[in-house]
Amino acid sequence: LSLIWGIRVVVRAFVFWFACILFLRKKDVVNMVQILMCILAINALAASFQYFIQGYSFDYVGGLFGVETGSNTEMNTFIVQMLICAMTMFIYYKCGWKFIGLTIVLCVYIAAISELKVVFLEIPMIFFILLLFSGWKRRSILLLVAGGLAVYFSMMLFFILYPDWANFFNIET
């Protein structure tokens with residue numbers, strides 16, 4: 001019974017992605033990205049409210065995903081999806097600087113106030129995996145510089161908000 005349940009869990013993911021490929025049109029994807037961008041902005045406001053007004057910190061800052069311990073796990077998944085989507089669209093000339101800039105700034109801001117240290121490691125990984133598939137382009141270099149600056153400044157914000165982690169991102173650790 002456990003084996004059948006496990007197969008169902010794995011197979012449903014493939015069925016979902018196959019259905020997305022079959023049934024989604026380009027217009028649907030564009031609409032979803034616009035909706036997700038609005039959700040990202042609302043999530044940044046919700047996370048700010050939780051941190052600055054309600055006084056939550058660390059794993060309890062989950063934005064729209066709640067204030068339970070570990071709720072920022074869902075937020076991390078959402079941030080990674082938004083970064084992948086925005087970076088890919090930017091590299092392939094489907095969006096401009098405003099969209100990619102706003103997405104990166106919102107994502108690293110949310111990561112900083114919700115103590116998502118892993119995002120600062122995921123951003124370079126996303127970038128280099130994207131390079132493997134798209135190759136070096138002029139926009140790749142611009143994205144590298146912009147992303148590097150965003151990560152640097154958000155890490156400084158992270159260290160201001162959470163001074164106990166000040167030595168986390170150095171060579172020794």
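What's counted below: heavy atoms across the whole structure, side chains too, no hydrogens, waters or symmetry copies.
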Hey, what do you get for [atom1] ([X]) to [atom2] ([Y]), rounding to the nearest 0.5 Å?
{"X": "Leu22", "Y": "Trp17", "atom1": "CG", "atom2": "CH2", "result": "14.0 Å"}
{"X": "Phe127", "Y": "Leu132", "atom1": "CZ", "atom2": "CG", "result": "10.5 Å"}
{"X": "Leu130", "Y": "Met125", "atom1": "CG", "atom2": "CE", "result": "13.5 Å"}
{"X": "Ile79", "Y": "Thr103", "atom1": "CD1", "atom2": "OG1", "result": "11.5 Å"}

Work out which heavy atom in [X] is nearest to a heavy atom in [Y]; give both atom names and the distance.
{"X": "Ile126", "Y": "Met87", "answer": "CG2-SD, 3.5 Å"}
{"X": "Val33", "Y": "Cys85", "answer": "CG2-SG, 3.4 Å"}
{"X": "Tyr109", "Y": "Ala44", "answer": "CE2-O, 4.2 Å"}
{"X": "Ile113", "Y": "Ser48", "answer": "CD1-N, 3.6 Å"}
{"X": "Met82", "Y": "Leu36", "answer": "SD-CB, 3.5 Å"}

Steps toward side chain to side chain contact (heavy atoms under 4.5 Å, CB included) verdict (Phe78, Ile39): CA-CA 10 Å; Phe78 180 66; Ile39 292 172; 3.7 Å; yes
Where at least one partner belongs to residues 21-30, residue pairs that pass salt bridge (charged side-chain N to carboxylate O under 4.0 Å, His left out), sequence neighbours excluded: Arg25-Asp28
Derivation and outcome, side chain to side chain contact (heavy atoms under 4.5 Å, CB included), residues Thr88 and Lys94: CA-CA 8 Å; Thr88 304; Lys94 301 294 182 191; over 6 Å; no
Residue Ile4 excluded, over 12 heavy atoms near CD1 under 6.0 Å: no
Verify same cluster id: Phe18, Ile7 (apolar side-chain graph, 4.5 Å): no
Within-4.5 Å side-chain heavy-atom neighbours: Ile84 and Gln81: no
